[in-house]
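Along the sequence shown, residues are numbered consecutively beginning with 1.
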Amino acid sequence: MNGQPVLDLDYIEDSTAGVDMNVVMTGGGDFVEVQGTAEGQTFDRGLLDAQLELATLGIEQLSAIQKECIGEAWPL
């Protein structure tokens, strides 16, 4: 918040965010969807890059947890 990219916002954070960004990736690291919308003010390439990097790290962590839980069946 306050200009810093964050993951998994709650309603209060989301309702006041400057950028609404959705990122979907495969477990292999390929992008499925990237959608970003400025909420009131524009945003620059640096913020876009920072948000994509944060999203990638978060998705990598979730993928690792899924792989650990599901084992050999991952990815489904």
Side-chain angles (χ1 to χ4, degrees):
M1 299 301 297
N2 296 325
Q4 292 295 327
V6 293
L7 291 175
D8 198 23
L9 299 130
D10 63 24
Y11 174 77
I12 298 298
E13 293 168 325
D14 186 60
S15 67
T16 61
V19 177
D20 186 4
M21 177 73 67
N22 299 306
V23 179
V24 179
M25 297 175 75
T26 66
D30 292 327
F31 289 100
V32 175
E33 176 184 357
V34 176
Q35 179 184 8
T37 305
E39 301 288 343
Q41 295 182 4
T42 61
F43 60 98
D44 63 18
R45 178 64 182 262
L47 182 56
L48 173 62
D49 290 344
Q51 290 179 314
L52 287 175
E53 181 64 23
L54 183 61
T56 299
L57 292 172
I59 291 168
E60 287 173 350
Q61 289 175 350
L62 290 173
S63 293
I65 292 167
Q66 290 173 342
K67 187 173 184 178
E68 184 178 314
C69 291
I70 297 171
E72 293 296 318
W74 187 92
L76 299 176

message = To check you understand the geometry: which heavy-atom pair defines the closest contact between Asp20 and Asp14, and what is its length?
response = OD1-OD1, 4.2 Å
inquiry  = With rounding to the nearest 0.5 angstrom, report the CG to CG distance, Leu52 to Leu47.
reply    = 9.5 Å
query = Of Asp30, Val32, Thr56, which is the lone residue that meets side-chain contact (heavy atoms from CB on, under 4.5 Å) with Met25?
reply = Thr56
task = Report, as yes or no, whether the 6.0 Å neighbourhood of atom CG on Asp10 holds more than 12 heavy atoms from other residues, nucleotides or ligands.
result = yes
note = NZ of Lys67 to CD of Glu72, rounded to nearest 0.5 Å, is 8.5 Å
query = Heavy atoms, side chains only, cut-off 4.5 Å: are Gln51 and Leu54 in contact?
reply = no
ask   = Where is the tightest heavy-atom contact between Ala55 and Leu7, given as atom of each residue plus distance?
value = CA-CD2, 4.0 Å
query = Are Val34 and Phe43 connected in the hydrophobic side-chain network, where two residues link if heavy atoms are under 4.5 Å apart?
reply = yes
key: Flag if over 12 foreign heavy atoms under 6.0 Å of CD, Glu33   = yes
request  = Working to the nearest 0.5 Å, report the span between CD1 of Ile70 and OG of Ser63.
outcome  = 10.0 Å
Side-chain touch Leu48/Met21, heavy atoms, less than 4.5 angstrom = yes
